Amino acid sequence: MITAAQVQPKDRPLFIGGAWRAGGSDEWLEVLNPADERTVGRHAVATPADLDEALEAAAAGFAAWRQTTPLQRSEVLRGAAALIRLRAETIARDLTCEQGKPLAQARMEVEGCARHFEWAAEEGRRAYGRVIPANQPGLMWTVTRHPIGPVAAFTPWNFPASQAAGKIGSALAAGCSMILKGPEDAPGGCVALAQALADAGLPAGVLNLVFGRPAEISAHLIASPIIRKVSFTGSVPVGKLLAQQAARHMKPCTMELGGHAPVLVFADIDPIEVAQTLVQGKFRNAGQVCISPTRFYVEAKVYDQLVEAFVAGAEKLVVGDGLDPRTEMGPLAHDRRLAAVEAAVAGAVEAGAQVRTGGERLGNRGYFYRPTVLTDTPETAPILHEEPFGPIAILAPFTDREEAMARANGTAYGLAAYAFTRSQETAAWLGRNLEAGMVGLNTFAVGGPEAPFGGVKESGYGREGGMEGIDAYLTPRVIAHLPI
Ligand code: NAD
């Protein structure tokens, strides 16, 4: 095993117009390993002049890339997917060192990037148009679909590589160019994707990668007339801010924002057996997942048994440095998250919640927080309405399914929702009534490149993945042709 202390610090430069380089002011900011707070690298900071260069590069890149065939684009994406697989071990280790997740989860994330690129490579070739029967003799109506133009994309630190791969794959397959602002807390994943694409033959300027001060970068890029589309993954407040900026310039957005996923557990399920699945789903990536299950509503008959089994499962989890193969849950990704999780639990306790396990920081080096289970949380407590985004499970009993549904749908979020039941009738009812973009019935596996990923209500709009994911980067054009 390589320990964190043996990892060499790495530079994460900007990638503009096909060249890797420092920002114009040569400012670099440190990247820390959340497991031990050591420096694992540094990222460049883009100045306004660098952003202008990136905009010019994206404009030139788009002019060339839109002329390529879907098959040519597909070959580049496939080539990049193959390179990502070849480099998987290094990329995964960097993800763990910068973001904290266990290496096994980092490897899965890297494989996910390759699959995103492959899916986009395939789906981009099916960007079909259509012929519409016209309403005049001799008139022909055809609908063709065109790349929307240069995209400004903003991706977060919780899945530093795969969140970016989803956006890059779809945009590039559709024929768009992109300026991506990667996550400063964990920049290595985006650097690896850009390098793989460049090595696979992506022309200069088609993908540009920047880091720096997020608010300055987003304001600068969104206001530029070169940018034709905005795609953001992150928190609801930041999503609203960027959507407002985009609206000022009438630019379409894809907004993949936060969630507060309910889980309804019915009494026809063995509570001991299901507890293992729930614990694994909850504490994946230390709960820093937008579709993480957070509010567990359990039918009263099996509630006590389930709480006991859930607490036992949470206490058994091995928490540690993600590079250690025994680790099942790593640290939180940065000190902001540690502070936010501490504040969320303190607020819940103040409102009357009981901490059944966890509820405290683990050690004093690195951003570790114990897997936490809360019960008796009043429905009005802030933690039930603000995304916890950490290793916190909130358990509560329910007596009838209508009441459980009302509580499940009772937040401003609507990203993912889950339920566990053996009843086909209940499953169908849940599918009809849960207000969410993704519903998992007896599973947490709702996301993959093949399926549309996104939310309703304040969780955002637009979808990534599936045929909808490519569609987000295309705009239809009707060509009415009267031959003369
Ligand atoms: P944050 O809200 O400050 O930042 C979230 C992400 O948005 C980061 O990647 C950040 O770099 C970026 N960002 C922030 N301000 C921006 C701006 N003005 N322009 C462009 N990008 C900007 O908070 P944080 O502490 O980094 O993350 C905490 C919250 O973010 C969580 O509570 C969670 O709700 C949300 N989040 C959601 C996802 C997701 O997958 N939907 C992923 C990561 C974080």
Side-chain angles (χ1 to χ4, degrees), residues 29 31-32 34 43 45-46 51 98-101 109 112 152-167 179-187 189-190 209-223 227 230-246 253-261 284-292 294 332-344 347 367 382-383 385-392 411-416 437-438 446-447 453-455 457-465:
L29 296 177
V31 179
L32 300 184
H43 67 80
V45 174
L51 298 177
E98 291 182 354
Q99 195 268 346
K101 68 184 56 170
E109 179 173 350
F154 306 89
T155 55
W157 45 261
N158 58 339
F159 291 92
S162 62
Q163 297 267 16
K167 293 189 199 297
I179 303 176
L180 171 67
K181 189 202 78 63
E184 288 75 14
D185 296 299
C190 287
L209 175 63
V210 295
F211 302 107
R213 298 193 170 78
E216 286 172 22
I217 295 177
S218 53
H220 194 101
L221 296 183
I222 294 171
I227 294 299
V230 176
S231 182
F232 173 73
T233 299
S235 65
V236 173
V238 176
K240 286 180 178 173
L241 178 76
L242 301 198
Q244 280 169 10
Q245 293 174 356
C253 297
T254 296
M255 287 286 160
E256 203 274 276
L257 308 178
H260 204 328
R284 180 170 74 101
N285 201 7
Q288 302 163 114
V289 181
C290 52
I291 55 168
S292 184
T294 49
L332 299 176
H334 39 64
D335 56 353
R336 305 190 303 284
R337 200 84 304 267
L338 184 61
V341 166
E342 283 178 329
Y367 309 126
I383 199 164
H385 301 277
E386 290 159 18
E387 184 177 29
F389 220 68
I392 308 169
T411 72
Y413 298 98
L415 193 57
M438 293 158 281
V446 294
F453 191 101
K457 296 157 72 180
E458 294 207 358
S459 291
Y461 44 77
R463 294 292 182 271
E464 308 214 60

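Just so you know, these numbers use all the heavy atoms, side chains as well, and skip hydrogens, waters and symmetry mates. In each ligand, atom 1 is the first atom listed, and ligand 1 is the first ligand listed. Nothing here was measured: the structure is a model prediction, and the numbers come from that model.
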Among Ser235, Cys290, Gly239, closest by any non-hydrogen atom to atom 5 (C) of ligand 1: Ser235
For Ser218, take its heavy atoms, then give the atoms of ligand 1 lying under 4.0 Å from any of them. 17 (C), 18 (N), 19 (N), 20 (C)
In Å and rounded to the nearest 0.5 Å, what is the CZ to OG1 distance from Phe453 to Thr254? 13.0 Å
Ligand-residue contact atoms, ligand 1 with Thr233, heavy atoms, under 4.0 Å: 39 (C), 40 (O), 41 (N)
Charged N to carboxylate O below 4.0 Å: is that the case for Glu458 and Lys240? yes
Classify the contact between Lys181 and ligand 1 as side chain, backbone, both or neither, using a heavy-atom distance cut-off of under 4.0 Å. side chain
Begin with the C-alpha distance, continue with both residues' side-chain angles, and end with the deciding distance and a verdict on side chain to side chain contact (heavy atoms under 4.5 Å, CB included) for Gln245 and Val230. CA-CA 10 Å; Gln245 293 174 356; Val230 176; over 6 Å; no
Step-by-step side chain to side chain contact (heavy atoms under 4.5 Å, CB included) determination, Lys181 to Thr155: CA-CA 7 Å; Lys181 189 202 78 63; Thr155 55; over 6 Å; no
Report, in ascending order of atom number, the atoms of ligand 1 lying under 4.0 Å from any heavy atom of Leu257. 41 (N)
With heavy atoms only and a cut-off of under 4.0 Å, state how Phe232 meets ligand 1: side chain, backbone, both or neither. side chain
Out of curiosity, Ser292 OG to His260 NE2, how far, rounded to the nearest 0.5 Å? 10.0 Å
Step by step, would you call Asn285 with Phe159 a side chain to side chain contact (heavy atoms under 4.5 Å, CB included)? CA-CA 9 Å; Asn285 201 7; Phe159 291 92; 3.5 Å; yes
Pro160 and Lys101: which non-hydrogen atoms are nearest, and at how many Å? CD-NZ, 4.2 Å
Between Asp185 and ligand 1, is there a nitrogen or oxygen pair with a distance under 3.5 Å? no
As an exercise, identify every atom of ligand 1 less than 4.0 angstrom from a heavy atom of Leu242. 19 (N), 20 (C)
Out of all atoms in ligand 1, which are within 4.0 Å of some heavy atom of Val238? Include the element for each. 2 (O), 13 (N), 14 (C), 15 (N), 16 (C), 17 (C), 22 (C)
Test side chain to side chain contact (heavy atoms under 4.5 Å, CB included) on Arg213 and Glu184 and set out the steps. CA-CA 8 Å; Arg213 298 193 170 78; Glu184 288 75 14; over 6 Å; no
If the plane angle is over 60° it's perpendicular, under 30° parallel, otherwise tilted; pick one for Trp157 and Phe389. perpendicular
Euclidean distance, Leu332 CG relative to Asn158 CG, rounded to 0.5 Å: 12.0 Å
How does Pro183 reach ligand 1, by side chain, by backbone, by both or by neither, if only non-hydrogen atoms under 4.0 Å count? neither
Would you please determine whether Gln163 falls within less than 4.0 Å of ligand 1 on a heavy-atom basis? yes
Nearest non-hydrogen protein atom to atom 9 (O) of ligand 1, with distance, is Pro156 CA, 3.5 Å
Quick check for you: to the nearest 0.5 Å, what is the distance between Glu256 atom CD and Arg463 atom CZ? 9.5 Å
Within the 4.0 Å heavy-atom shell around His334, which atoms of ligand 1 are there? 25 (O)
To the nearest 0.1 Å, how far is atom 21 (N) of ligand 1 from its closest protein heavy atom, and which atom is that? Pro214 CB, 3.7 Å
Applying the side chain to side chain contact (heavy atoms under 4.5 Å, CB included) test to Ile179, which of Ile217, Leu51, Leu209, Val210 qualifies? Val210
Compute the minimum heavy-atom distance from Glu386 to ligand 1 and say whether it is under 4.0 Å. no
Give the residue and atom name of whichever protein heavy atom lies nearest to atom 38 (C) of ligand 1, and the separation in Å to one decimal. Phe389 CZ, 3.6 Å
Within 4.0 Å of atom 35 (C) of ligand 1 (strictly less), any protein heavy atom? yes
Give me the residue, atom name and distance of the protein heavy atom closest to atom 33 (C) of ligand 1. Glu387 OE1, 3.2 Å
For ligand 1, which atoms sit closer than 4.0 Å to a heavy atom of Glu256? 41 (N)
Give the numbers and elements of all ligand 1 atoms closer than 4.0 Å to a heavy atom of Ala215. 17 (C), 18 (N)
Which residue and atom name correspond to the protein heavy atom nearest atom 32 (O) of ligand 1, and how close is it? Arg337 NH2, 3.4 Å
To the nearest 0.5 Å, atom OH of Tyr413 lies from atom SG of Cys290 at 11.5 Å
For atom 26 (O) of ligand 1, is there a protein heavy atom at a distance under 4.0 Å? yes
